[in-house]
Amino acid sequence: MTRWSGYYLHTTREVPSDAEVVSHQLMARAGMIKKLAAGIYTYLPFGWRSIAKLSAIVRREMDAAGAVELVMPSIQPAELWQESGRWQRYGKELLRMKDRHDREFCYGPTHEEVITDFVRRDVKSYRQLPFNLYQIQTKFRDEIRPRFGLMRGREFLMKDAYSFSATEESLDRVYEAMRNAYCRIFEACGLAYTVVEADTGTIGGSSSHEFMVTAATGESAVVHCPACGYGANQEKAERGEWTRPPAEPPAALEKVATPGKKTIEEVASFLALPKEKLVKTLVYNTEQGLVVALVRGDREINPVKLQNALSGVDHLELASEERIERELGLPTGFVGPVGLDEGVRILADRSVAGLDDFACGANEADHHLIHVHWQRDVRLAEFADLVLVVEGDPCPRCGSPLGLSRGIEVGHIFKLGTKYSEAMKCEFTDEAGGNRPMIMGCYGLGIGRTVAAAIEQGHDADGIVWPLPLAPFSVLVVGLSPNDPVAMAAAESLVAELEGRGVDVLFDDRDERPGVKFKDADLIGLPVRAVVGGKSFAAGQAELSLRHDRERISVPLAEALPKLLELIDRLR
RNA sequence: CGGGGCGUAGCUCAGCUUGGUAGAGCGCACGGUUCGGGUCCGUGAGGCCGGAGGUUCAAAUCCUCUCGCCCCGACCA
């Protein structure tokens, strides 16, 4: 029997000064986590129970989907990372260290290298494929800016799975099984979530989906189509065709003075043109030199799309004013595609392709061009989809207006292909006797982040409102009259009965006033509450309620057990 | 890494500008009171004012360095 008096659960009224988001505040106040250092937390007993419940759900669904659990080392030798090339590329996020012999290691932020290394030594034949291995383990990524408690820690718990297949079709099947398993996991947790197409980022690979728990405080923006179900991370989101405006008779190209007018707003109002009739020219700095990106004046460039369009470019950032002055010889705000230095690569978003008569920088200080016409005036630019999709843009699949919402990324699955197996020579012999690299997939799920997301989604002004599957305990039995031995005995026997029926119960037996107990009950947010003591006990009753609606019902003590079981059942 | 800010009691913070015996609320301990939504009253314990150096008769306060932390931005499975 878990008695609060003997448990380790200390709630606080004060919010830690560094807790910004509600999940962090409530986890700290409810005694679930304690910060040790920036982005590094102790999981206190009450918090760990929730983590354990999620882990059990994850294991159940992973096992059901044919994955097999193992645990890999968290400390990994540098050689493996040098072999994959990521020792150099991963950057400062990789926590590196040396042992007493000066050998280099890192604390694993992910495990592609380790798993690929032992699989290549164990597995030689197509007959041994496919398989899928997973672990639930502590990772470390030395984030530039850890924040939001467990939502973006440096040390964090993650479930990661890696699949190895002989063929693309096999990978597709495993990927689909994982995708379904993830859906079942988040459904089993009672969370509202969406699956969206995602950019593959530094992990690489061909196809990728993110699982987003919807929350207004989410760090990621998600585009979705209410009509056809299309969903994508805003970084990745595409949009339907631009409607081409009616062709206007191209008037003669004209240079106009726009003294000091640099921004789109300034130029548009100075020239009395709508922003859609301007072309915005952005200069980016890459390791391959300057690149110019064009987009319609009222829109933004999506840097992820731009980087993908510039295949082979690793670093992309907006060029500084000094650099633009030095290399292009003109101040920012007046750069344009007409007559630009031939050495500079120009990429144009499709939003500008349909413009027949637009204004843009003249490549001369304090001047812009008007009546610009693509074919007539601009040297050939490459067109690509570069625009940041916004709410109301047409869906790329069905053309309906897209919606934009925010979410917390809790899962991310990738088709890796042969990126790591080729680099690390993880090969198998196929039926024809030839050697081929294994085809891999990897499937991550943030454990701590999912619990945090559940709180972001489930809380009110008084505290956490747990979904039953993730609640540290299902039921809180409040012994309201700690000084009344009869009432406390009744409460205790109710707890024992519940436990006898397999229900996990926290028994608040503390010598505290009712007000304290009620406030704490709301704060820690267990789904079902039973109050035994005080006025209702004097009338021979127990008072039952659910955290999410707090509607109280009084039942005779003898009926408390069946009624509680019924309430729990209703929450499932 | 760029910009801004903070380190004073277990927690949240005042005091610093203008140097002179270390403060409040919450929490904790004890006594009383109260007992269905964080009771009320009293008493008390608790601090090398992040660390080092400097200025000064005197430093939480001024200066330098350092460590840690937070916020915004860039970045990011």
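Remember, it's a predicted structure, so these values are computed and weren't measured experimentally. Just so it is clear, the values below take in all heavy atoms, side chains as well, and ignore hydrogens, waters and symmetry mates. Order of the sequence lines fixes the chain letters, A, B, ..., with proteins taken first and strands second; residue numbering starts at 1 for each chain.
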Heteroatom pairs (N/O) under 3.5 angstrom, protein to nucleotides 24-28 of chain B:
residue, atom, partner, partner atom, Å
G25(B), N2, E14(A), OE2, 3.0
C26(B), O3', R13(A), NH2, 3.0
G27(B), OP1, R13(A), NH2, 2.9

- Task: Ignoring the backbone of H412(A), work out which of A77(B), G36(B), G38(B) is nearest its side chain.
- Result: A77(B)
- Task: Find which nucleotide of RNA chain B each of R449(A) and T11(A) is nearest to by heavy atoms, and output the residue with the more 5' nucleotide.
- Result: T11(A)
- Message: I need the residues from residues 67-83 of chain A with at least one non-hydrogen atom less than 4.0 Å from RNA chain B; give them sorted by number, or say none.
- Response: none
- Query: What is the nucleic acid contact for D520(A), judged by heavy atoms within less than 4.0 Å: base, sugar-phosphate only, or nothing?
  - Reply: base
- Item | Sequence neighbours excluded, every pair satisfying side-chain hydrogen bond (donor to acceptor under 3.5 Å, both in side chains) that has a member inside residues 475-491 of chain A | none
- Identify, between P16(A) and K517(A), the residue whose nearest nucleotide on RNA chain B lies closer to the 5' end. P16(A)
- Would you mind telling me which of A77(B), G36(B), G37(B) lies closest to the side-chain atoms of D522(A)? G37(B)
- Mind calculating the distance between CD (E93(A)) and P (C75(B)) to the nearest angstrom? 13 Å
- Query: Is a donor on one side and an acceptor on the other found under 3.5 Å between the side chain of S163(A) and the backbone of G441(A)?
  - Reply: yes
- What does R529(A) touch in the nucleic acid at a heavy-atom separation under 4.0 angstrom: a base, only the sugar-phosphate, or nothing? base
- With no hydrogens and no angle check, is any side-chain donor or acceptor of R529(A) less than 3.5 Å from a backbone partner on V478(A)? no
- Query: Taking the six-membered ring for Trp, are Y8(A) and H10(A) ring centroids under 6.0 Å apart?
  - Reply: yes
- Message: Taking A24(B) as the reference, what is the distance to A9(B) when you measure between their P atoms (whole Å, please)?
- Response: 13 Å
- Item | Ring center gap for W81(A) and Y90(A) short of 6.0 angstrom | yes
- Task: Measure centre to centre between the rings of H412(A) and Y182(A), then say whether the value is under 6.0 Å.
- Result: no
- Item | Counterpart base for C13(B), defined by Watson-Crick or G-U wobble contacts under 3.5 Å | G23(B)
- Query: In the 5'-to-3' direction, what one-character label does each nucleotide of nucleotides 68-74 of chain B receive under the scheme B = base within less than 4.0 Å of a protein heavy atom, S = sugar-phosphate only, - = no such atom?
  - Reply: -SSSBSB
- Query: By side-chain contact (heavy atoms from CB on, under 4.5 Å), which residues pair with L70(A), not counting sequence neighbours?
  - Reply: M72(A), F118(A), L133(A), Q135(A)
- Task: Please determine if a side-chain N or O atom of R513(A) lies less than 4.0 Å away from the OP1 or OP2 oxygen of U39(B).
- Result: yes
- Using a heavy-atom distance cut-off of less than 4.0 Å, which residues of residues 473-494 of chain A contact RNA chain B? L480(A)
- Message: Tell me whether the NZ or CZ atom of K415(A) lies within the 45° cone about the ring axis of Y175(A) and under 6.0 Å from its centre.
- Response: yes
- Side-chain donor/acceptor contact of R152(A) with base of C76(B) under 3.5 Å: yes
- Task: Would you mind classifying the nucleic acid contact of P109(A) as base, sugar-phosphate or nothing, using non-hydrogen atoms under 4.0 angstrom?
- Result: nothing
- Task: Using a 4.0 Å heavy-atom cut-off across all strands, classify R29(A) as base, sugar-phosphate, or nothing.
- Result: base
- L94(A) has an atom CG; how far is it from atom P of C76(B), in whole Å? 16 Å
